[in-house]
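Here the structure is a predicted model, which is why all the values come from computation and not from measurement. Chain naming here is simple, since letters A, B, ... match the order of the sequence lines and numbering starts at 1 in each.
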2 protein chains.
Amino acid sequence: MLELELKKGSLFEKVLEATLDLVDQASVNCSSTGFSLRAMDTKLVAIVSLLFPSEVFERYRCDDDHSMDISIADMVEALRCANKDDVITIMADDYNGITLTFESPKKDIIAEYDLLFVDAESHCFDIPDLQDLDSKYQAIIRMPSAEFMHICKDLGSNCDDVVISVTKEDVTFCASGESESFRKIYRQNKTLDESEEATATHVDMREPVSLILDLSYMNSCAKLFALFDKVTICLSNTIPMMVEHKIKEKGYIRYFMAPKVEIEIEEEKEGKTENEEAGTEGNKTMQD
Amino acid sequence: MLELELKKGSLFEKVLEATLDLVDQASVNCSSTGFSLRAMDTKLVAIVSLLFPSEVFERYRCDDDHSMDISIADMVEALRCANKDDVITIMADDYNGITLTFESPKKDIIAEYDLLFVDAESHCFDIPDLQDLDSKYQAIIRMPSAEFMHICKDLGSNCDDVVISVTKEDVTFCASGESESFRKIYRQNKTLDESEEATATHVDMREPVSLILDLSYMNSCAKLFALFDKVTICLSNTIPMMVEHKIKEKGYIRYFMAPKVEIEIEEEKEGKTENEEAGTEGNKTMQD
DNA sequence: TTAGTGTAGT
DNA sequence: ACTACACTAA
């Protein structure tokens, strides 16, 4: 028996909607922790991982773990039919499908959608264990979402890739197109007053990192960036980069993205990389 | 060595942006006078001529004349990435391209754009010498930009052309569509008080003029009209009409537009026109 | 601030 | 033809 009630469903809808560009099918798991979802894009480059913790819901009843594969497109299509103030209920009695119910505030209009589960797609994937962020990633950037969105948009119109480089002094986003190139540099600024602090870009760097990322993927999550204040970008030379938005206290939506050809920073990490693929063009995949 | 610094770049950006509808490539010239740009639309009907005099810039260093062909689209795209308070610097060390730099007021965020020059398009064109406006144009109308914009917008929705006629008594903007026609008439009013004077329409007429103009071109500059208070419209039976907005004291943005079929005002100017093209339909071009 | 419509791009 | 973005109107 599963019955989740959501009073303010627009974030839920918008977050799922934003993932549609990249993924169409997702594995959903409901447990006492909350509603979680993970999906991989068809090119195996990006993974979306979402947690709506139980506290986000008005009412959260989940007698035993439910795991199911759903079509995100179908679910979003259903959610789009909800009106802004509708109370959304997600129910599953059996293991064939879920029912979404939208109830108007006056309780006089009720819309119900039954969604059948879909067959799980074959490829399985692991998501990095994130118990200890600091030890996994060489650099963690925290900046206003709008700022990051603008970087991606500014660069994306004429360029395919962005190179993100973190050094002790600064963070650089760099892209090159046919007839132009672009660099945006964030200098480490230690002397910020309080009001500046809120909108500033913070970098926590353990080692210099430089990664090439596909801008089309970045732009696929641009809609998402509009929904949140802050974004956390975690970079590593050995595991996929992660872009995270916090949802309330415990929730999150995370994008994991495999870099395109890795740029090795030889001086810094000699002997540390196990899975070098020198000369390989294009994206690595999540299964590399 | 070229290095121009602009503190308030939004006008610069908006003016260039407004030209995008018509032109995509421009010849830029920097000299001690200022930053000037000229471009012709692909149909050879309109020419944009722009001068940002050196006084508009915070810092203006131009050791020797620079002439270059740039993609306005690329330049605008770059300028769009500037934040409102950013200090914009235009630099050129060599003759391959220019670099635009946007520096945040706190100097901690720097965005740099390298734009390569493009190959000059083949068609060359002359811009009328405007040393002596009065002797070139038969009629000069000066009116609030917003007024002119509204005329174009009102007429443009259903009509293709506007006929602008200036006589001793009035200025008439006239457009005809399928099922309706529209006329807006400005009577010469000699008895204006001071407050009316500022928003009034002035006409300086040496000879009656009547020209047919393409409304789609007029509407392409509508965005531009929103940026300025006053517009000067110069009409002639022999040279392209000119629409001018003043930028500060010496600067300007000028549109030259070839009229569509000329309407001859036989009574008034018999024997005065040299380049009659009786029966020709459609726009003349700048090379006629 | 949001919803709907219209256009443009894929 | 569908989707996504932008603009406009409420």
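Applying the ring-ring contact (aromatic ring centres under 6.0 Å, His included) criterion to Tyr60(A), with sequence neighbours excluded, gives Phe57(A). Not a single ring-ring contact (aromatic ring centres under 6.0 Å, His included) links Tyr217(B) to another residue, sequence neighbours left out. With sequence neighbours excluded, no residue forms a ring-ring contact (aromatic ring centres under 6.0 Å, His included) with His150(A). For Tyr255(A), the ring-ring contact (aromatic ring centres under 6.0 Å, His included) criterion is met by no residue, not counting sequence neighbours.
Looking at Arg142(A) and Thr232(A), their side chains do bring a donor and an acceptor atom within 3.5 Å of each other.
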Dump every N/O contact between nucleotides 2-10 of chain C and the protein below 3.5 Å, one line per pair.
none

Write down the protein N/O and nucleotide N/O pairs, taken from nucleotides 3-10 of chain D, whose separation is under 3.5 Å; answer none if there are no such pairs.
from   : atom 1 : to       : atom 2 : distance (Å)
dA4(D) : OP1    : Asp21(A) : OD1    : 2.9

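With Phe52(B) as the fixed residue, the ring-ring contact (aromatic ring centres under 6.0 Å, His included) test singles out one of Tyr252(B), Phe35(B), Phe12(B): Phe12(B).
In this structure, Lys14(B) places its NZ atom where only 12 or fewer heavy-atom neighbours from other residues, nucleotides or ligands lie under 6.0 Å away.
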